[in-house]
Participant: 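Here it is, the structure, as structure tokens.
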Amino acid sequence: MNLLERMTERIDTRIQKLTARYLDEIFGADLASDEISVQKTRKEFAGDRTVVCFPLTRHSKLAPEATGEALGAAMVGGTDWLVGFNVVKGFLNLEVERGVWADWLAGDAAKADYGIAPAGSAPQIMVEYSSPNTNKPLHLGHLRNNFLGHSVSRILEAAGHDVVKVQIINDRGIHICKSMVAWSVMGGGETPQSTGEKGDHFVGRYYVAFDKAFRAEVAELVEGGMPKEEAEKLAPIQIAAQDSLKRWEAGDKDTVALWKKMNGWVYEGFEQTYKAMGVDFDKLYYESDTYLVGRDKVLKGVENGVFTRRQDGSIWVDLSDNGLDEKLLLRSNGTTVYMTQDIGTAILRFEDYPALDRQVYTVGNEQEYHFKALFFVLKKLGFDAAGKNHHLSYGMVELPEGKMKSREGKVVDADDLMAEMFDVAERIATESGKLSELDAQERQDVFHKVGLGALKYFLLKVDPAKGMLFDPKASIDFIGNTAPFIQFNYVRGRSILRKAEAEKLAAADSATCAQPGDDEMELVHLLYTMPDVISEAAASYNPGLVANWCYDLTKSFSSYYQEHQILGADTAPERALRLMLTARFTEAIKKGFHMLGIEMPERM
RNA sequence: GACUCUGUAGCUCAACUGGAUAGAGCACCUCACUACGGAUGAGGAGGUUGAGGGUUCGAAUCCUUCCAGGGUCGCCA
């Protein structure tokens with residue numbers, strides 16, 4: 001192995017290759033090196049990396065222990081960088097020479113882009129998230145959605161993908177018409193400016209007002225002897241909303257003007273919320289622009305015989321070959337449904353971005369069936385070569401009182417929750433008294449990073465596939481497995497590094513620093529796994545893997561920090577090593593948090 | 001009813017995708033330290049991984065049957 005290889009090739013890869021080579025030399029087994037399972041040695045055993053021998057016995061024709069012994073002896077004998085081995089059951093534990101780790105710490109691991117794949121080294125991916133309706137403010141469910149989509153985008157970027165962040169804004173339909181009707185009838189000309197309300201909350205208030213009026217009317221009709229179902233159809237305000245939608249579709253000038261005005265208020269409000277959340281988008285799609293495209297494609301599909309038109313004029317797709325049933329694509333009255341606009345949006349996107357390799361939809365798991373159907377329909381239309389579309393499905397955020405439903409009013413508002421987080425951060429930070437040298441603006445910045453970080457981390461550390469419980473009173477903590485704990489350790493590390501720099505004590509290179517000892521190795525191993533964590537998180541669209549890795553790494557650093565003086569090390573080489581570890585830790589954790597969309601404060 | 005996801009410590013979550021004695025945090029108990037930033041560290045207690053059966057060197061993970069919960073099931077989005 002030449003020096004260049006030694007510097008750049010991952011240690012696990014080297015071990016795999018070496019195992020494959022000796023497997024061939026000793027047992028005559030021809031095995032691809034990536035078929036060999038190498039993992040971190042558990043801390044109760046001696047060694048650094050472990051080769052699992054059970055699967056190799058098929059080739060060696062020996063017991064797992066004997067296989068491990070033979071391979072271990074050959075591998076250690078055949079290299080200068082493996083210095084020892086032991087076999088426990090069928091696990092071959094290999095000890096890597098500490099100098100190799102020291103080289104790695106000062107070399108590969110020290111590069112600014114360590115763990116990060118070069119931009120554009122992987123195909124272009126579009127990630128959709130947020131995608132709100134424009135009739136009410138964002139709530140807790142949107143927070144999980146936005147944080148998830150944004151973080152997955154960052155992770156995919158780190159894995160080398162060119163990522164396009166988008167959302168589809170559901171700006172038309174009966175929901176916004178309801179707010180419009182309520183405002184026309186009851187608004188008396190007031191505006192967000194006149195009431196000082198945030199635009200999305202303002203419009204949301206009229207949506208609630210509509211619902212209240214609607215219920216009252218239905219109750220009155222039922223009182224008069226009408227069946228409930230009929231009453232819900234005939235309530236005057238409901239009819240007004242339907243009329244409003246019809247006029248909108250017909251392009252009625254006044255209706256469209258009102259629609260634009262009210263959506264504009266909502267967008268101003270959303271803008272603020274997105275800014276507070278720290279998420280952004282590269283391109284926005286509006287349902288009002290895409291639903292007609294979808295209708296066109298559906299009608300063309302009928303011409304091409306992909307879809308069928310029924311007697312009543314409605315259009316359907318038959319997905320029974322795919323294990324689903326028939327789905328409606330266009331109503332008998334010619335109006336579009338949810339599916340129709342999604343077809344249009346998807347096709348538009350592939351046209352807008354010809355190089356697009358994949359689309360990821362961040363949408364709750366209650367829509368799994370919908371996306372399954374959508375992807376099959378796109379396939380029928382020729383827009384889904386295997387795996388071009390992926391539904392990043394996530395579980396509901398539940399409240400202690402039960403599942404939250406916006407209609408029942410049991411919602412945790414996104415703006416309120418974030419504001420509350422900032423307040424808690426402010427209270428705790430003020431108690432600690434570490435921010436006295438910062439000015440007011442800088443302090444606000446810290447509260448924001450810590451409060452928002454705590455919230456994001458709480459929502460992101462859980463596997464997206466799982467539903468999660470959110471207790472507003474008890475959920476968010478600043479100690480334990482939380483963002484503030486991780487940020488706090490970052491700040492401690494940075495503080496030391498600043499001091500070291502001031503005293504010109506920064507770690508130089510592997511030649512001037514001590515080799516890592518047993519106490520350092522856990523931290524080294526965790527740092528070493530970063531690239532694997534990123535690629536796994538990217539492959540499974542799971543920020544939770546990054547979050548938990550950040551926590552493990554931090555816990556290890558925190559423990560090390562407690563037991564060892566870094567600046568006060570006994571010898572200069574020892575201090576250089578500790579400083580180097582501290583530097584690697586702060587760099588790694590900052591990158592990890594960047595992937596979660598969480599910023600690091602320098603003080604807190 | 002059909003399909004689908006989920007079920008791990010009192011609570012909230014992990015477990016490198018089939019690997020070694022299932023790990024953390026919170027809460028509870030004990031301890032450490034002028035502390036390079038205490039939003040700390042070390043330890044204890046807490047488990048039949050919903051239940052049964054199967055597959056194999058090896059199962060929380062795969063198959064199967066139950067049980068419990070969430071979600072979805074043609075003109076809502």
Side-chain angles (χ1 to χ4, degrees), chain A residues 37-42 44-45 50 52-55 57 63-64 88-91 93 131 133 170 173-175 287 310 312 314-317 323-333 335-339 341-342 364-370 372-373 393 395-396 398 403 425 428-429 431-434 450 458 461-463 465-471 474-475 477-482 484-489 491-500 529 532-533 536 539-540 544-545 547-549 551-552 555 558-569 575 578 582 603-604:
Chain A
S37 163
V38 177
Q39 49 190 261
K40 184 187 162 206
T41 302
R42 293 179 67 113
E44 56 268 37
F45 302 101
T50 296
V52 183
C53 295
F54 298 100
T57 55
V88 180
K89 294 196 196 167
F91 298 91
N93 302 320
S131 303
N133 289 350
N170 302 300
I174 194 74
H175 54 272
E287 187 187 333
R310 286 191 185 164
D312 63 4
S314 59
I315 295 175
W316 296 76
V317 60
L324 307 180
D325 39 27
E326 290 181 289
K327 288 286 284 184
L328 178 80
L329 298 180
L330 213 57
R331 294 192 190 102
S332 48
N333 65 8
T335 56
T336 60
V337 291
Y338 184 39
M339 185 66 82
Q341 65 104 347
D342 267 3
N365 63 8
E366 76 274 14
Q367 294 193 29
E368 263 163 23
Y369 187 85
H370 169 78
K372 225 180 253 179
S393 167
M396 287 287 127
E398 288 181 51
K403 185 175 177 277
I428 294 176
E431 278 168 17
S432 85
K434 290 284 180 190
V450 174
F458 183 83
K461 74 178 174 190
V462 182
D463 183 343
K466 294 188 177 177
M468 62 183 298
L469 185 76
F470 182 85
D471 182 345
S475 281
D477 219 332
F478 283 62
I479 52 179
N481 187 0
T482 65
F485 170 75
I486 294 168
Q487 289 169 321
F488 168 70
N489 278 284
V491 166
R492 289 207 290 202
R494 289 290 304 152
S495 173
I496 290 169
L497 292 170
R498 274 195 304 270
K499 266 189 191 143
T529 57
D532 303 325
V533 170
E536 264 171 52
S540 57
L545 299 178
N548 285 308
W549 173 78
Y551 177 61
D552 288 340
K555 212 159 29 118
S558 186
S559 173
Y560 183 80
Y561 172 95
Q562 191 77 12
E563 305 292 329
H564 303 80
Q565 287 284 314
I566 291 167
L567 292 172
R575 184 176 57 211
R578 292 177 184 184
T582 305
R603 291 162 215 278
M604 64 188 278

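Chain A is the first sequence line, chain B the second, and so forth, proteins listed ahead of strands; every chain is numbered from 1.
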Participant: For a quick check, tell me whether the side chain of Gln562(A) and the base of U40(B) share a donor-acceptor pair closer than 3.5 Å.
Facilitator: yes

Participant: Using whole Å, what does the distance between atom P of nucleotide C26(B) and atom CZ of Phe458(A) come to?
Facilitator: 14 Å

Participant: Provide, to the nearest angstrom, the distance between the CD atom belonging to Glu326(A) and the P atom belonging to U72(B).
Facilitator: 22 Å

Participant: Checking understanding here: a glycosidic angle within 90° of 0 is syn, the rest anti, so what is U17(B)?
Facilitator: syn

Participant: Can you figure out which of C36(B), A77(B), A39(B) approaches the side chain of Phe478(A) most closely?
Facilitator: A39(B)

Participant: Applying side-chain contact (heavy atoms from CB on, under 4.5 Å), can you list everything that pairs with Ser432(A), at least two apart in sequence or on another chain?
Facilitator: Lys434(A)

Participant: Across nucleotides 18-25 of chain B, 5' to 3', mark each nucleotide with B, S or - according to how protein heavy atoms within less than 4.0 Å reach it.
Facilitator: -BBS-SSS

Participant: Contact between Thr336(A) and Leu330(A) at the side-chain level, heavy atoms closer than 4.5 Å - yes or no?
Facilitator: yes

Participant: Which nucleotide sits closest to the side chain of Glu366(A): C76(B), U72(B), G37(B)?
Facilitator: U72(B)

Participant: Identify, with sequence neighbours excluded, every residue that meets ring-ring contact (aromatic ring centres under 6.0 Å, His included) alongside His370(A).
Facilitator: Tyr338(A)

Participant: What would the secondary structure line of RNA chain B be in dot-bracket form, counting Watson-Crick and G-U wobble pairs under 3.5 Å, with [ ] for pairs that cross earlier ones and | for pairs with another strand?
Facilitator: (((((((..((((.....[...)))).(((((.......))))).....(((((..]....))))))))))))....

Participant: Quote, to the nearest angstrom, the C1' distance that separates A77(B) from A51(B).
Facilitator: 40 Å

Participant: Does the side chain of Thr335(A) get closer than 4.0 angstrom to OP1 or OP2 of C75(B) through an N or O atom?
Facilitator: no

Participant: Between G46(B) and G10(B), how far apart are the P atoms? Round to whole Å, please.
Facilitator: 11 Å

Participant: Within the 4.0 Å heavy-atom criterion, would you say Asp312(A) contacts the bases, only the backbone, or no part of the nucleic acid?
Facilitator: base

Participant: Between atom NE2 in His370(A) and atom P in G71(B), what is the gap in whole Å?
Facilitator: 19 Å

Participant: Sequence neighbours excluded, which residues qualify as ring-ring contact (aromatic ring centres under 6.0 Å, His included) partners of Tyr561(A)?
Facilitator: none

Participant: Contact class for Leu324(A) (heavy atom, under 4.0 Å): base, sugar-phosphate, or nothing?
Facilitator: nothing

Participant: Who are the side-chain contact (heavy atoms from CB on, under 4.5 Å) partners of Glu326(A), not counting sequence neighbours?
Facilitator: Arg310(A), Trp316(A), Asp318(A)

Participant: Within less than 4.0 Å of OP1 or OP2 of G37(B), is there a side-chain N or O belonging to Ser495(A)?
Facilitator: yes

Participant: Please enumerate all residues that pass ring-ring contact (aromatic ring centres under 6.0 Å, His included) together with Phe478(A), with sequence neighbours excluded.
Facilitator: none

Participant: Please report the distance, rounded to the nearest Å, between CG in Leu567(A) and P in A35(B).
Facilitator: 14 Å

Participant: Can Tyr561(A) be classed as stacking with the base of U40(B), given a centroid separation cut-off of 5.5 Å and a plane angle cut-off of 30°?
Facilitator: no

Participant: So if I take every side-chain heavy atom of Gln367(A) and compare against A39(B), A77(B), G41(B), which nucleotide ends up nearest?
Facilitator: A77(B)

Participant: Taking the C1' atom of each, how far is U48(B) from U40(B), in whole Å?
Facilitator: 37 Å

Participant: side-chain contact (heavy atoms from CB on, under 4.5 Å) with Tyr369(A): which residues, sequence neighbours excluded?
Facilitator: Leu324(A), Asp325(A), Lys327(A)

Participant: State which residues pass salt bridge (charged side-chain N to carboxylate O under 4.0 Å, His left out) with Glu563(A); sequence neighbours excluded, sorted by chain then number.
Facilitator: none

Participant: Taking the side chain as every heavy atom from C-beta outward, state whether Leu328(A) and Met339(A) have any atom pair closer than 4.5 Å.
Facilitator: no

